[in-house]
There are 2 protein chains.
Amino acid sequence: MPQPSAPRKATGRPPRISRAEVIETARRIVDAEGMDRLTMRRLATEVGSTPMALYHHVRNKEELLVLLLDDYAARTLHRPELPARPRERIVVAAAAIHEALAACPWIVEVLTADDLMSTSALWFVEQIVDGLVECGLSPERAVQAYRVIWYYTAGEIVVRTTAARRRTDDDRPTYRERVFSDLDPGELPRLTQVADRWASLTAEDTYLDGLRALVDGLLTPR
Amino acid sequence: MPQPSAPRKATGRPPRISRAEVIETARRIVDAEGMDRLTMRRLATEVGSTPMALYHHVRNKEELLVLLLDDYAARTLHRPELPARPRERIVVAAAAIHEALAACPWIVEVLTADDLMSTSALWFVEQIVDGLVECGLSPERAVQAYRVIWYYTAGEIVVRTTAARRRTDDDRPTYRERVFSDLDPGELPRLTQVADRWASLTAEDTYLDGLRALVDGLLTPR
DNA sequence: ACCTGAACACCGTTCAAGT
DNA sequence: ACCTGAACACCGTTCAAGT
């Protein structure tokens, strides 16, 4: 976090809770019971305080979520050995970001609440952009190519974790299942052909294959 | 919707409101005031009824959102003339889905609430899968390639509309801006190099370029 | 400077009863 | 069959006051 926290005057009432304590407690709640159980009221009782006390440590709930993602990234995004070949380096760095996010089911709410721009993630972004430049893209094109990779990565996470959540919610057939059981073979021959395999095909993890195809496409001059 | 709505017995109290009326009113609220103003209570007063009456026409709020997306897709997703060349057909069909979603700022909440599997969208999915098969992929690989395209498309929508919402929310510097104004050039040379151009570069619409790169990559044998 | 209590202005959904 | 009223069990946030 870019907050050098100016040295506080030692006047006034001493603090009973800290920002770090708030974030840590929030993390505990989310890990144990899921993101939708994290409310300001619940968090307040958990830190042994009142809802309003929290607002002295975070601006509002949205800032709390960003801080939570930041904290998560700082703790889990460890820098791997990256391959020397730039194209491979791009793939491995993107896959590392993806892996960290995929392990974190509450991420979707935060992804849609802010860019993923934790300082801990920047090193990975740097590796990707640098790899793209080394492969011959201009810095401008490299940034745009990185964005494309990020869209793909974020989209995979959002779609997949949402689908997973939906599956555990109940066991009624999903909307998709109902639609797919009633296709018109005349109009939609391909979909009819694969309808019964659709669920198993979409369950497969194709992130890495797609990523490689995407990187290849981005690096092929057009 | 795959709901043939079995012929109702003509007994009991006659209905005052219909499912279609509920959906239409919901759409009016969302169009006029945004998704977060759509509540069951608000919707009830708008149709001139009570919150609980709605639950006789939709299962719950989530189903209402899916019905809303379905209704939107049916009204706006008109089938364009598609190019004969399969590779171009894939691109145009995906871009048509993307365009319809991008014009619909409340889409994100629904995207993360369910797959986009409106019957109206299936024709486009069919075109994409068929184009991929015509380009030489097996039906299984074609479905997986379609999923990759869908991840990319959904991710672009989610990230971009969320960023747009964030910008209009207030005019404080965003978290990203704060992070980018304080980069370490030694550790992150590429990002430092493009830091001042980052905002304008990411504002550019690169969906189509990225899509073409992705399709090229997916169709290149590896 | 930090914390508290009470209140404001809401939510989605269930239950039991009415017509 | 369809609708209503009242209630349940919550939300995030503001305000004014206390220490």
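Letters A, B, ... mirror the listed sequences (proteins, then strands); counts begin at 1.
Checking Tyr72(A) against Ser120(A) by side-chain atom types alone, no donor-acceptor pair falls below 3.5 Å.
Leu122(B) and Leu191(A) make their closest contact through O-CD1, 3.6 Å (heavy atoms, listed as atom of the first residue, atom of the second, distance). Here the closest non-hydrogen pair linking Leu77(A) and Ala121(A) is CD2-CA, 3.8 Å.
One finds no salt bridge joining Arg147(B) and Glu204(A) here, because no Lys/Arg side-chain nitrogen approaches an Asp/Glu carboxylate oxygen to under 4.0 Å.
Qualifying side chain to side chain donor-acceptor pair (under 3.5 Å) partners for Arg16(A), counting only residues two or more places apart in sequence or in other chains: none.
Between Leu54(A) atom CG and dG12(D) atom P there is a gap of 10 Å when expressed in whole angstrom units. Atom pair Arg16(B):CZ and dG18(C):P shows a separation of 17 Å (rounding to whole Å applied). Rounded to an integer number of Å, the gap from Glu63(A) CD to dG12(D) P is 15 Å. Here the P atom of nucleotide dT14(D) and the CG atom of Asn60(A) are 8 Å apart, to the nearest Å.
In terms of phosphate contacts, His57(A) brings a side-chain nitrogen or oxygen within less than 4.0 Å of OP1 or OP2 of dC3(C).
Heavy-atom neighbours of Glu21(A) CD from other residues, nucleotides or ligands within 6.0 Å: above the threshold of 12. With a 6.0 Å radius and a threshold of 12 heavy atoms from other residues, nucleotides or ligands, Arg37(A) has its CZ atom at or below the threshold.
Using cut-offs of 30° and 60° for the angle between ring planes, the Phe180(A) and Trp198(A) rings count as tilted.
Comparing dA6(D), dG12(C), dG12(D) against the side chain of Met40(A) picks out dG12(D) as the nearest. For Thr39(A), taking side-chain heavy atoms from C-beta onward, the closest of the listed nucleotides dC15(C), dC3(D), dG12(D) is dG12(D).
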- Query: Would you write out the dot-bracket form of DNA chain C, 5' to 3', with Watson-Crick and G-U pairs under 3.5 Å, [ ] for crossing pairs, | for pairs to other strands and . for unpaired bases?
  - Reply: ||.|||||...|||||.||
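Looking at residues 41-50 of chain A, you'll see Arg41(A), Ser49(A), Thr50(A) sit with a heavy atom under 4.0 Å from some atom of DNA chain C.
Distance noted for atom P between dC8(C) and dA9(D): 22 Å (whole Å).
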